[in-house]
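Heads up, the thing below is written out as structure tokens.
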Amino acid sequence: MALRLFNTLSGKIEEFNPIDANRVRMYACGPTVYDYGHIGNFRTFIAVDLLYRFLQQHGYDVRYVMNITDVDDKIIRNSARDGVSVQQYTEKYIRAFLEDSATLSIEKPLLVRATEHITAMAEFIAKLEKKGFAYRTDDGSYYFRIAQFPAYGKLSKKDFGGMNDGARVDVDEYEKDSARDFALWKAAKAGEASWDTVIGRGRPGWHIECSVMSMEELGPSFDLHAGGEDLIFPHHENEIAQSESLTGQQFARHWFHARFLLVEGQKMSKSLGNFFTIRDLVLKGHRPSSIRWLLTQVPYRNPLNFTFDGLKSAASSVEKLRNFRFRLKSSQFTAGGNQAMSQLAEETVARIKSSLEDDLNTAEAQAAIFDMLRKVNSAMDAGEVRQDDLKPLLQALENFDAIFGVLNDDDKPKMRAILDWARTEGREQDISPELMEIAGLDQLTDERINQRVSEMEAARKSRDFKLSDAIRAELTAAGILVENTKDGVRWRRK
RNA sequence: GGCGCGGUAGCCAAGUGGUAAGGCCGAGGUCUGCAAAACCUCUAUUCGUGAGUUCGAUUCUCACCCGCGCCUCCA
């Protein structure tokens, strides 16, 4: 495979070649668990998920690690406010993160938690200090000395050249040596969570977590490091500085950053009222598959305008794909094969692959599947699809969905779970009629539906349209769509 | 101010130095007892504005306008 990806470090699109031929070691900065994740967080996680799935699909053995930041200023502040321990506080949001990820069909990475690696972080800092890259201040905090790492700024393309001059070591000084120096370790404060370590009592700074955990899980040098674009500076820049200072080796070779999304054309912010969590959207009646599809529609490096029109549009697109698969699986085909069809399937698979190889151009890959869909539907209308064509066509579709993950309709159970959550959280007022309607569907068993459908067919045969229409209306109200095709009757759940 | 990104049909949005993918919505049609699905046709002579390079630019260059991101822990 010749995957080409934009590398923030070089500022160019490069061929992605892992250090070990067939193995990829990658790391993504995960959530800080002080609140429910919002759609912006999940744009990034889905972008990395697509990359992860694509690499796996093409034969790579991928070790994908994601951290969970379960200690930071906000967490400490909020847990104190709520009168619970840091652990109790974060537990709720870690669970929520896992649930939301599953809701969006994100494949689970190997998750690592900051609070389970505190000892290693302290040891890392102690080594940095020994090497002269870190210093302790009077209060017991530790800082990284940027002046000691000349390459500082290479990721974010910032020039810090001017600051090498005046920087000196003065451990007796209470303040940081340089304003740019960043905290590696924060000394314990009364009433705040802290840990006893070789460098004293305190808690880690944010940047050190990712350096320590990524290297612990993936080694000093690994293939790819991902995150949102806002993390380029200072977070990732600082990770590079710490890690490479300690090991003398290149840290991550490839840096992958997802662009921020806009909501209705504006930056997402709480003050604008356009700040949405996954749960907010589901409570409004939007399906998880619509959200996932919308977030995959725009290539990860382009701004994505997240709109409610777009969400509805995404729902239609997903339904069209699902209908297509349903039609393939439920139609009768005559024996034999149509070479044009198997060739089309083959071309589509190739086109999807080459689109994604091109810096994960998801828009192109989606265009490819829709082109196939239209051509095959057209051929089915004309009776030109044969039994042997089914397998390659379905395979092309599954191949696509192995990346995009929207074909299997598990939206309703996921939505019902969020409905239940809203009730236990006292958010009944946020439950929309749309959600109630969708959640109320699927009450009929397959058996019952089959029975009613055959009754409807019997009525149609005897031209009792009044009765057949009544049954149709009853089923429609229950979310069952009955379709009469030239191959006979079939039904599906809306 | 520094660095970077983007402005393409009603909406979302891809793309290429050679004459505009795909999805959604809308209109008309085919099929159809009804319904649904599907298909077909139509919907940007035009790609923020102005100038330049070129046989030819949406695609390259310059300027300008607009929007966005980062520049003290926000994906």
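Because only heavy atoms are used, hydrogens play no part in the values below, and waters and symmetry mates are left out as well, while side chains stay in. Lettering follows sequence order; numbering is per chain, from 1.
- Nucleotides B/rG18 and B/rU32 place their P atoms 46 Å apart, quoted to the nearest Å.
- Among the atoms of the strands shown, none is found under 4.0 Å from any heavy atom of A/R490.
- Residue A/D469 is classed as a base contact, given a heavy-atom separation below 4.0 Å to a base.
- Backbone-only engagement by A/E229 is indicated by non-hydrogen atom pairs under 4.0 Å involving sugar-phosphate atoms exclusively.
- Scanning for side chain to side chain contact (heavy atoms under 4.5 Å, CB included) contacts around A/E99 gives A/R95, A/R279, with sequence neighbours left out.
- A/F370 comes within contact range of the sugar-phosphate backbone alone, with a heavy-atom separation under 4.0 Å but no base atom that close.
- Comparing B/rG29 with B/rU19, their C1' atoms sit 31 Å apart, to the nearest whole Å.
- Among the protein residues, A/K320 comes within range of the sugar-phosphate backbone only, with heavy atoms under 4.0 Å from sugar or phosphate atoms but none that close to a base.
- Of the two residues contacting RNA chain B, namely A/E364 and A/A258, the nearest-nucleotide position lying further toward the 5' end is that of A/E364.
- Residues forming a side chain to side chain contact (heavy atoms under 4.5 Å, CB included) with A/A226 (at least two apart in sequence, or on another chain): A/A28, A/V48, A/L224, A/F256.
- For A/I438, the side chain to side chain contact (heavy atoms under 4.5 Å, CB included) partners are A/R287, A/K412, A/M415, not counting sequence neighbours.
- The ring of A/F222 has its center closer than 6.0 angstrom to the ring center of A/F251.
- The same atom, C1', is picked in B/rG56 and in B/rC31; the two are 46 Å apart, to the nearest Å.
- Outside the 6.0 Å centre-distance limit, the rings of A/H257 and A/F6 are not counted as a close aromatic pair.
- Among the heavy atoms of the strands, none lies under 4.0 Å from A/H257.
- Using a 4.0 Å heavy-atom criterion, one finds that A/P31 contacts no nucleic acid atom at all.
- With sequence neighbours left out, the ring-ring contact (aromatic ring centres under 6.0 Å, His included) criterion links A/H235 to A/W206, A/H207.
- Comparing the C1' positions of B/rG22 and B/rA13 gives an interatomic distance of 8 Å, to the nearest angstrom.
- Residue A/F465 is classed as a base contact, given a heavy-atom separation below 4.0 Å to a base.
- Contacts of A/Q297 classified as side chain to side chain contact (heavy atoms under 4.5 Å, CB included), with partners at least two apart in sequence or in another chain: A/W293, A/L294, A/Q366.
- A/L231 comes within 4.0 angstrom of the backbone, heavy atoms only, and of no base.
- Distance noted for atom P between B/rG50 and B/rU58: 12 Å (whole Å).
- Between A/F404 and A/F400, the gap from one ring centroid to the other is short of 6.0 Å.
- The P atoms of B/rU45 and B/rC39 are separated by 26 Å, rounded to the nearest whole Å.
- Of all nucleotides in RNA chain B, those with any atom nearer than 4.0 Å to a heavy atom of chain A start and finish, going 5' to 3', at B/rG2 to B/rA75.
- Listed by chain and number, the residues in a side chain to side chain donor-acceptor pair (under 3.5 Å) with A/T115 are A/D70 (sequence neighbours excluded).
- The residue A/L261 sits close to a base: some heavy atom pair falls under 4.0 Å.
- Comparing the same atom, C1', in B/rG48 and in B/rU8 gives a spacing of 10 Å after rounding to whole Å.
- Contact annotation for A/N484: base contact, defined as any heavy-atom pair under 4.0 Å involving a base atom.
- Stems are defined here as 3 or more consecutive Watson-Crick or G-U wobble pairs with pairing distances under 3.5 Å; those involving RNA chain B are B:1-7 with B:65-71, B:10-12 with B:22-24, B:26-30 with B:38-42, B:48-52 with B:60-64.
- Remark: the separation of the C1' atoms in B/rG67 and B/rU30 is 45 Å, to the nearest Å.
- A salt bridge is defined here as a Lys NZ or Arg NE, NH1 or NH2 lying under 4.0 Å from an Asp or Glu carboxylate O, and A/R203 with A/D73 meets this definition.
- Legend: salt bridge (charged side-chain N to carboxylate O under 4.0 Å, His left out) pairs involving residues 35-50 of chain A, not counting sequence neighbours, sorted by first then second residue: A/D35-A/K270, A/D49-A/R53, A/D49-A/R292.
- Sorted by first and then second residue, the salt bridge (charged side-chain N to carboxylate O under 4.0 Å, His left out) pairs with a member in residues 360-371 of chain A read A/R351-A/D371, A/D371-A/R374; sequence neighbours excluded.
- Two residues, A/G205 and A/P303, neighbour RNA chain B, and the one matched to the more 5' nucleotide by heavy-atom proximity is A/P303.
- Nucleic acid contact class of A/D230 (heavy atoms, under 4.0 Å, all strands): base.
- If you check every strand for non-hydrogen atoms under 4.0 Å, A/R43 touches nothing.
- Across all strands, A/R460 comes closer than 4.0 Å to base atoms (heavy-atom distances).
- Contacts between residues 46-53 of chain A and RNA chain B, counted as heavy-atom distances below 4.0 Å, involve no residue at all.
- Legend: salt bridge (charged side-chain N to carboxylate O under 4.0 Å, His left out) pairs involving residues 472-483 of chain A, not counting sequence neighbours, sorted by first then second residue: A/R452-A/E474, A/E483-A/R490, A/E483-A/R492.
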